[in-house]
Number of protein chains: 2
Amino acid sequence: MSVHSPLDRAPSLADVLAQRLAGDIAEGRYGPGEKLPSEQQIASSYGVSRPIVREAIGRLKHDGLITSRQGSGAFVAESGGASVFRLDVSNFTDRAEIESIIELLMAIESSATELAAQRRTEEDLSQIGTQLEAMQQAIGRGDSGVDEDVAFHQAIVDATKNPFFKDLSTFLDRRVRSFIRTARANTAKLQTGHMMAVQEEHRTIFEAIKAQDSRAAREAAEDHLKRAAARLAIYMDRS
Amino acid sequence: MSVHSPLDRAPSLADVLAQRLAGDIAEGRYGPGEKLPSEQQIASSYGVSRPIVREAIGRLKHDGLITSRQGSGAFVAESGGASVFRLDVSNFTDRAEIESIIELLMAIESSATELAAQRRTEEDLSQIGTQLEAMQQAIGRGDSGVDEDVAFHQAIVDATKNPFFKDLSTFLDRRVRSFIRTARANTAKLQTGHMMAVQEEHRTIFEAIKAQDSRAAREAAEDHLKRAAARLAIYMDRS
DNA sequence: TTGACCATCTTGTCAGGCAACTTGGTTATA
DNA sequence: TATAACCAAGTTGCCTGACAAGATGGTCAA
C-alpha cells in the first residue's frame with residue numbers, strides 16, 4: 001500500500017511568473033542592482049494582474065533575489081546571487097535523491113561530531129550523556145528508539161555552537177527519520193541486535209567526545225553513519 | 001570606507017504575518033495535515049486584507065510548509081516540517097556568522113573531495129586538471145585567481161554527482177568569494193607566496209583524486225581548507 | 001438505502017483605487 | 001547664473017469588492 005503523493009496541482013500563475021523572473025535574473029537578463037520593470041509593466045507584458053505580479057515578486061524578495069523600495073522600484077540583489085539558499089527535497093521518492101541526502105547528512109554530522117569533541121562544555125557532555133541513557137532505556141522498553149537516536153545526534157550537533165550545522169542537521173534528520181522508522185519496523189527481527197550495535201557505536205562516539213579527541217570522534221561518527229546507511233540500504237533493497 | 005547595508009526597511013505586513021503563521025505551525029498550534037482557517041478568517045483575525053494573507057500563505061506554500069487546494073482550503077504539510085530548507089545568511093557582517101559559514105563550507109568540501117576521489121571519471125579528472133592549469137596561468141598573469149580557485153573546487157564537487165553538494169557549495173562559495181577577493185587584494189605583498197602555496201595544496205588534492213585515494217584526498221582537502229581559513233582569519237583580524 | 005443535485009464555502013484571479021514614498025524637473029529666489 | 005524650494009509623475013504598499021473554479025456537505029427524490 002503506497003501513499004499517493006498529493007499529485008502536484010497546476011502551478012499557480014504567481015508560481016510560474018516567479019520562476020520565469022528568477023530565470024531571467026539567473027541568466028543575467030537583469031543584472032545585479034538593475035531595476036526591474038514596474039509591477040504594472042510586468043503585469044501587462046505577461047498578461048496577468050498586478051496582484052499576481054506582487055505575489056511573484058514577494059516570493060523573490062523572500063528568497064533574497066530582489067529588494068524593493070517603496071516609491072522607487074524593485075531591484076535585483078547585489079553581489080551575485082541570493083542571500084538565501086533553498087534546499088528542495090520535495091520529491092522524496094527518488095532513491096538517488098535519498099542517497100544524496102544521506103550523503104549530505106553524513107558529511108554534516110561527521111564534521112559536527114569532530115567539532116563537538118573540540119568544543120563541548122561539561123553541560124554539553126551531560127546533555128549528550130542523557131540522550132545516550134534515554135536510548136538505552138528505549139532499548140530496554142523495546143521501543144523503536146528512533147526519537148532517542150535523533151536526539152542523541154542533535155545533542156552532539158548542538159555542542160558545535162554552529163547554528164547552520166544545527167538547522168541543517170535538524171532539517172535533514174526530519175526528512176530521513178520517517179525512513180528510519182519504517183526501516184526499523186520492517187526489520188523487527190534484527191531490531192534488537194541492530195540497536196545494541198547502534199548503542200555500542202553511540203557509546204564510542206560519546207567516549208571520544210568526552211575525551212575531547214576530535215579525530216577519534218570523527219572516525220567513530222563516520223563509522224557509525226556508514227553502518228547506519230548500510231542498515232538502511234538493506235531495508236531499501238528489500239522494499 | 002564602509003558600504004552601508006541597505007538599512008532594513010520596515011518589514012511588510014505579509015512578512016510579519018508569514019512569520020507569525022510559520023511560528024504557529026512550528027509550535028504545533030496547527031498540527032500536520034490540519035486545515036488552516038480560511039483566508040477571510042485569517043484576514044479579519046489579524047486585521048489585514050485578504051491579498052496580504054494570500055501573499056503570506058503563498059510564501060509558506062513556496063517554502064513547502066503548507067499546501068492549498070482550491071475550493072478546499074490550506075493545510076499544514078504532512079510529516080513534520082517543510083520540504084524546503086532555507087539557509088539565510090543575509091546578515092553577513094557578523095564575524096561569528098562568517099566563521100560558521102566557513103565551517104560549513106569546509107565540512108561540505110572535504111567530504112565532497114573524498115567522494116570525488118572515489119567516483120571521478122576520466123572526464124571529471126580532466127575537468128579538474130583544466131582548472132588547476134587555469135589557476136597556474138592566473139598566477140603567471142599576476143591575477144587574483146579567485147575565480148579559478150573557486151572553479152577548481154567546483155569541478156571537484158561536480159565529480160561527486162551529488163546535486164545537493166553541488167548546489168550548497170556553489171551558494172556558499174558565492175557568499176564567501178567576495179571576502180576572499182578583498183582579502184587577497186589587501187594582502188597583496190604576501191599574495192604571490194600565498195598563491196604558490198595554494199597551488200601546491202591544490203596539486204596535492206588533484207593527485208589524490210587522480211589516484212582515487214579517498215582518504216588522502218580528504219586529508220589534503222582538510223589541510224588546504226584549514227590553511228585557507230587561517231589565511232582569511234589573518235585578513236579579518238587586520239581589518 | 002442510495003444516488004443525483006444543489007447551496008455554500010474556499011481558493012484563484014482580476015479590476016480599480018488610495019496612501020506613502022521617491023525622483024527628477026521646474027520654478028522662484030538670492 | 002546658481003541655488004534652493006517645490007511640485008508633479010511614477011512606483012510600491014495596501015485595501016475593497018467582485019467573479020470564476022473547484023470542493024464539500026446536506027437535501028431530496030428514486
Q | B:K61 and A:D15 ion-paired at < 4.0 Å | A | no
Check your understanding: OP1 or OP2 of C:dG12 less than 4.0 angstrom from a side-chain nitrogen or oxygen of B:K61, does that happen here?
Key -> yes
Taken in chain and number order and not counting sequence neighbours, the residues that satisfy ring pair (Phe, Tyr, Trp, His ring centres under 6.0 Å) with A:H62 are none
Here the distance between atom P of D:dT12 and atom CG of A:L60, to the nearest Å, is 14 Å
To the nearest angstrom, the NZ-P distance between B:K35 and D:dA23 comes to 14 Å
- Task: Indicate yes or no: does A:R141 engage A:E148 in a salt bridge with an N to O separation below 4.0 Å.
- Result: yes
Nearest heavy-atom contact between A:R119 and A:A159 is CB-O, 3.9 Å
Separation of D:dC14 atom C1' from B:D15 atom CG, nearest Å, is 14 Å
Between A:A151 and A:Q131 the two heavy atoms that sit nearest each other are CB-OE1, 3.3 Å
Rounded to whole Å, the CG-P distance (B:L17 to D:dC15) equals 10 Å
Atom pairs, protein N/O to nucleotides 4-8 of chain C N/O, distance under 3.5 Å:
none

Hits for side-chain contact (heavy atoms from CB on, under 4.5 Å) against B:V16, two or more places apart or cross-chain, chain-then-number order -> B:P11
note: A:L13, atom CG; D:dA20, atom P; distance rounded to Å ~ 17 Å
To the nearest angstrom, the CD-C1' distance between B:Q41 and C:dT10 comes to 10 Å
Sequence neighbours excluded and cut-off under 3.5 Å, please list the side-chain donor-acceptor pairs for residues 22-33 of chain A, or say none.
{"unit_1": "A:D24", "atom_1": "OD1", "unit_2": "A:R29", "atom_2": "NH1", "d": "2.9"}
{"unit_1": "A:D24", "atom_1": "OD2", "unit_2": "A:Y46", "atom_2": "OH", "d": "3.3"}
{"unit_1": "A:E27", "atom_1": "OE1", "unit_2": "A:R29", "atom_2": "NH2", "d": "2.5"}

Whole-Å distance, B:E39 CD to D:dC15 P, equals 14 Å
Expected list for residues 43-55 of chain B near DNA chain D, using heavy atoms below 4.0 Å, is B:V48, B:S49, B:R50, B:P51, B:I52
To the nearest angstrom, the CZ-C1' distance between B:F75 and C:dC9 comes to 12 Å
* Asked: Does A:S68 have a side-chain nitrogen or oxygen under 4.0 Å from the phosphate oxygens OP1 or OP2 of D:dG13?
  -> yes
query: Is it true that B:R86 and A:D167 have a side-chain N and a carboxylate O under 4.0 angstrom from each other?
result: no
Quick note, A:Q70 side chain, CB onward, closest among C:dT23, C:dG12, D:dT12 is D:dT12
*Using a heavy-atom cut-off of under 4.0 Å over every strand shown, decide if B:A74 touches base, sugar-phosphate, or nothing.*
sugar-phosphate
B:S44 meets the side-chain contact (heavy atoms from CB on, under 4.5 Å) criterion, sequence neighbours left out, with none
Heavy-atom nearest nucleotide on DNA chain D taken for A:G71 and for B:S72; more 5' hit belongs to A:G71
